[in-house]
Amino acid sequence: MGINTERDIEANLQIGPTDAGMVRIFIEAQGVEIPMDFDPEEAEEIAEEIRAAAQAALAIGK
């Protein structure tokens, strides 16, 4: 299984700050909850990776 493998799974995604000064990405799917905490610098790096992937996907779609 890889990034290009499609799955028929619905999931909820929430992103926000925690009261401990971290950024939490919270995923819930099929009764499983996955909280992932990142310090703000790591969250910025993740955001940059998401932006780069979006730009690459736009280029593929054209």
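Throughout, residue positions are numbered sequentially from 1 according to the sequence presented.
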### Message
I'd like to check the side chain to side chain contact (heavy atoms under 4.5 Å, CB included) partners of I50; sequence neighbours left out, ordered by chain and number.
### Response
I46
### Message
Test of understanding: with side chain to side chain contact (heavy atoms under 4.5 Å, CB included), list the residues that count as partners of A53, not counting sequence neighbours.
### Response
none
### Task
Would you give the length of the straight line joining atom CZ of F38 to atom OG1 of T18, rounded to the nearest 0.5 angstrom?
12.0 Å
### Query
What pairs of residues pass the salt bridge (Lys or Arg N to Asp or Glu O under 4.0 Å) test when at least one of them lies in residues 27-37, not counting sequence neighbours?
R24-D37
### Message
Considering only residues two or more places apart or on different chains, which pairs with a residue in residues 5-22 satisfy salt bridge (Lys or Arg N to Asp or Glu O under 4.0 Å)?
### Response
none
### Task
Find out if a path of hydrophobic residues (ILVMFWY) with successive side-chain heavy-atom gaps under 4.5 Å connects M36 to M22.
no
#### Entry: Contact list for residues 42-54, test side-chain hydrogen bond (donor to acceptor under 3.5 Å, both in side chains), sequence neighbours left out
none
### Query
If you measure from CD1 on I25 to CD on Q14, what distance do you get to the nearest 0.5 Å?
12.0 Å
### Message
Please find the pair of heavy atoms, one from P40 and one from V23, that lie closest to each other, and give the distance.
### Response
CA-CG2, 4.5 Å
### Message
Let me check something: do I27 and V32 share a hydrophobic cluster, defined by ILVMFWY side-chain heavy atoms less than 4.5 Å apart, either directly or through other members?
### Response
yes
### Query
Cluster partners of L58, using ILVMFWY side-chain heavy atoms under 4.5 angstrom, listed by chain and number?
none
